[in-house]
Amino acid sequence: MANQKQLSDSTAQVLDQAPADPTIAYLVENLTDAVMLLDRHWRITFANAAARAVSHVKPGYINSRSLWELYPGALGTAAEEAYRDVMENRRERTIDAFFYEPFNVWFSIHVLPMPDGIALYYQDITAAHHAQTALLSTTEQLQAVLTATSDGIMSLDRDFRITYLNDRGQTMLAANGPSVGTILWQTYPYTVYPGSPYVEHYTRAMVERVPSGFQAFYPEPFNFWLDVIARPAPDGIIIFFRDITKEKLREERLRSSEERYRILTELSPQCLWTASPQGNLDYANQRFLNYLGLSAIPPDGTAFLACIDPADIDHAIHVWTIGVASGSDYTLDVRLIRASDGASRWWHLSASPLRDPSGNIQQWLGTAADIHEDRLAAARLQEQYTEIDRQRRELETIYRGSPVGKLLCDPKDLRVLRINDRQAQISRTSSAEAIGKSYIELMPGLSVAHALIRRAALGENILNHDIDGYLDGYPDEHRYWTVSFSPIFDDDGTVQAIAAAAIETTTQKRAEAALIQSEKLAVVGRMASSIAHEINNPLESVTNLIFIARQNAASPEVQQLLDLADQELRRVAVITNQTLRFHKQATAPREIACTDLFATVLSLYEGRLRNSSIRVEKRKRAERPITCFEGDIRQVLNNLVSNAIDAMPTGGRLILRSRETTEWRTGRKGLTLTVADSGTGMSPETQTNVFKAFFTTKGINGTGLGLWIGSEIVERHDGRLRLRSSQHPSHHGTVFNLFLPFTPHLPPNTTNLIQ
């Protein structure tokens, strides 16, 4: 009972209730792992010191309230499920990791069924990961706990008599037969010899009460190496021993082969080195030492840093430190100074950790290779690659951004292999959609081009061939191209691809036609101006003669005829004056009223309006004049009125309206002139393209320049030209609204360049 008095009161109470070996009880009480026993009513019947500390077991908890009342945080958890399963089904359960939130602690728990309840054997794995498992209730229960350990455990009394030996120990020492109750020195006589560590350390632990440990070999009948720890106990000592024969044999084999490997490393043409687990260099073969100018590696393992180029020292230490800290393979390119001539050369260092069975790093093994020449060659090669890549990107940019359509086809099926953006635009598709299509499919309807590319597939070089036609799906667009097809030959002379280039000349052709038409119109304009100028002189004479005749006419009928003649002559004079105005552009803006603009335009189309049965409706609401280039604005209105007349071949209404307005987007004050007709209207597609150059719905009778030039003139006047049109059967027609600010910012007149 003397040992029981040294235990806590709660422990003593439990031990009083069940026979237990005092030594075993002492062992369990002092285990570093927690042991707790629960009866079938979930009451704690025993908790060792570790359990009391980890689980905060107070003296009043023993044989009092149930576990769930004491630790309500365990309810509904994996721990409760495991405890109840073991209690009911009497089978062991293990919980590898359980977090008990009230204590903020992680546990590893092993649950064992016991005759009168269950035993919990658990570890606080938050701070300690290698705690031993123990269970304690009775001697049999304590024996089960000690059996779980992988070490042999033996207890000796003060007379060195063996009082306890666990299952593992009995298994290890089975060759000597039963040993409990015998004297250690008699049962194991080979433990006693001069200088025996068994005698030395066991005596120290027994007499001096100091824990002690050693490693020793025991001969026949065991022939094994033991790792032994002796600790004092109340009635003697406790011995923990482990068979380390395999480790020792491995060490011996390692030592026996170390010299052989050392010779091999010295003979190796490669530089080899090793380092301690902390990363300090402790060995380098002679080849490496000769380069560094060292006879041996300095004891501190860091003196080799002086051999690293100062420019690389920080980087080397950084990589080295991270590699050692992570415990994984690492490599390092660094310049090392050659001792013979002080040259700084590039080396490639690599290291891998050598680990023991437990995973701990025993040593770092490394190689070192002189890569200076390879590095220089790689740098030169990289420069070449960089230059090639730059040139490639330049060529690719030129290829993709070229205004010339380009593509690459295979010679067999004429499938598109590459295509630039311009060619995709010409083909009315995207680059991604074009890849894989045949050239015939990409450019349908162009039989001449198809024939040319087939000739190129046979090896003929075709350059600057003009073709024209219509692409399928766009029957109204007559287009023109200049194409080239060049075969690309392989080394054996076969055609491996066809490079095609196309420049669309549709705009150029249209511009040439428009230029011819414009030149014709200019000639007609100059001729009309000359004729108008020449007509003015006889007109004045005839007007004067009619004036004299009217003064002397006696008959009313004659007088009436002379008045009619005078009226018609005045109209002719107006037409000739307007003709001169259209031809002679003003060089500076001037003020003009909207009525003057509409009147001069209408005078030119009076005959067409009358012959087409078109009724003109004028609504004047603006009085304030605007500042503009009169001839330019008159040209815009002339084009709008002409288009309106063309839209009403069988008659209709032409509405001309003027009003002062404020542009809601900018707040500018200005004049809005409206030209509206009740004609056939425009389709949505026509409305989209009507202001584009060369777009026309009049066929050969139109140039497609009128509204384009008109929009440019309006833009130059800081104005806006809007369009609304409808083809609805009941309300069809077109409305153009021309907004002109009262105070525009006008540059010098350049309309004649447009014309």
Side-chain angles (χ1 to χ4, degrees), residues 3 15 18-37 46 48 50-51 86 90-94 108-123 130-157 160-184 186-188 190-191 198 202 205 213 215-216 218 220-231 233-247:
N3 290 330
L15 295 178
D21 186 287
T23 303
I24 296 177
Y26 180 83
L27 288 174
V28 176
E29 172 66 14
N30 289 277
L31 283 174
T32 57
D33 296 330
V35 177
M36 181 182 291
L37 303 180
F46 174 74
N48 71 349
V86 175
R90 317 306 297 163
R91 58 187 180 189
E92 295 185 17
R93 288 283 300 273
T94 299
S108 173
I109 307 173
H110 188 68
V111 190
L112 299 170
M114 294 297 165
D116 58 348
I118 62 173
L120 308 181
Y121 164 49
Y122 55 101
Q123 298 174 321
H130 303 288
Q132 295 181 350
T133 305
L135 296 174
L136 178 63
S137 173
T138 63
T139 301
E140 180 181 353
Q141 295 169 346
L142 296 175
Q143 183 67 41
V145 172
L146 295 177
T147 301
T149 182
S150 60
D151 291 347
I153 301 177
M154 175 187 294
S155 63
L156 305 177
D157 62 13
F160 291 95
R161 188 181 305 277
I162 301 172
T163 59
Y164 171 77
L165 185 64
N166 72 342
D167 290 349
R168 176 59 180 160
Q170 291 177 9
T171 300
M172 294 174 62
L173 304 177
N176 260 30
S179 57
V180 175
T182 63
I183 301 299
L184 175 70
Q186 297 173 354
T187 305
Y188 304 102
Y190 289 107
T191 58
Y198 299 99
Y202 292 173
Q215 293 181 354
Y218 195 96
E220 294 290 346
F222 303 119
N223 292 315
F224 55 33
W225 279 88
L226 292 176
D227 184 15
V228 185
I229 297 177
R231 295 184 179 276
D235 293 333
I237 62 174
I238 299 173
I239 300 171
F240 299 88
F241 54 96
R242 177 179 300 173
D243 184 351
I244 60 170
T245 304
K246 292 183 179 179
E247 290 84 346

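The residues of the chain are indexed from 1 along the displayed sequence.
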Under the side chain to side chain donor-acceptor pair (under 3.5 Å) test, residues paired with [X] that sit two or more places apart:
X      : value
Glu247 : none
Thr191 : none
Arg93  : Glu81, Asp85
Ser108 : none

Using side-chain heavy atoms (C-beta onward) and a distance below 4.5 Å, is [X] in contact with [Y]?
X      : Y      : result
Asp235 : Tyr26  : no
Ile239 : Ile153 : no
Phe241 : Arg168 : no
Tyr202 : Val228 : yes
Ile118 : Arg90  : yes

For [Y], is there any backbone N or O sitting under 3.5 Å from a side-chain donor or acceptor partner on [X]?
X      : Y      : value
Asp151 : Phe240 : no
Thr163 : Asp157 : no
Gln170 : Leu165 : yes

Interatomic spacing from [atom1] in [X] to [atom2] in [Y] - rounded to 0.5 Å:
X      : Y      : atom1 : atom2 : answer
Tyr188 : Leu173 : OH    : CG    : 4.0 Å
Asn30  : Asn48  : CG    : CG    : 8.5 Å
Asn166 : Leu27  : CG    : CG    : 10.0 Å
Leu184 : Leu156 : CG    : CG    : 5.5 Å
Arg161 : Thr182 : CZ    : OG1   : 8.0 Å

Closest heavy-atom contact between [X] and [Y]?
X     : Y      : answer
Thr32 : Ala50  : O-CB, 3.7 Å
Ala51 : Tyr122 : CB-OH, 3.4 Å
Glu92 : Pro113 : CG-CD, 3.9 Å

Item to check | Partners meeting ring pair (Phe, Tyr, Trp, His ring centres under 6.0 Å) with Phe222 (sequence neighbours left out) | outcome: Tyr218, Phe224
Item to check | Sequence-distant partners of Phe160, ring pair (Phe, Tyr, Trp, His ring centres under 6.0 Å), two or more places apart | outcome: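 Partners of Phe160 by the ring pair (Phe, Tyr, Trp, His ring centres under 6.0 Å) criterion, ordered by chain and then number, come out as Trp185.
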Checklist entry - Which residues satisfy the side chain to side chain contact (heavy atoms under 4.5 Å, CB included) test with Gln186, sequence neighbours excluded? => result Ile183
Next on the checklist: Checking Ala174 now: which residues fulfil side chain to side chain contact (heavy atoms under 4.5 Å, CB included) with it, not counting sequence neighbours?
Outcome noted: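 For Ala174, no residue satisfies side chain to side chain contact (heavy atoms under 4.5 Å, CB included) once neighbours in sequence are set aside.
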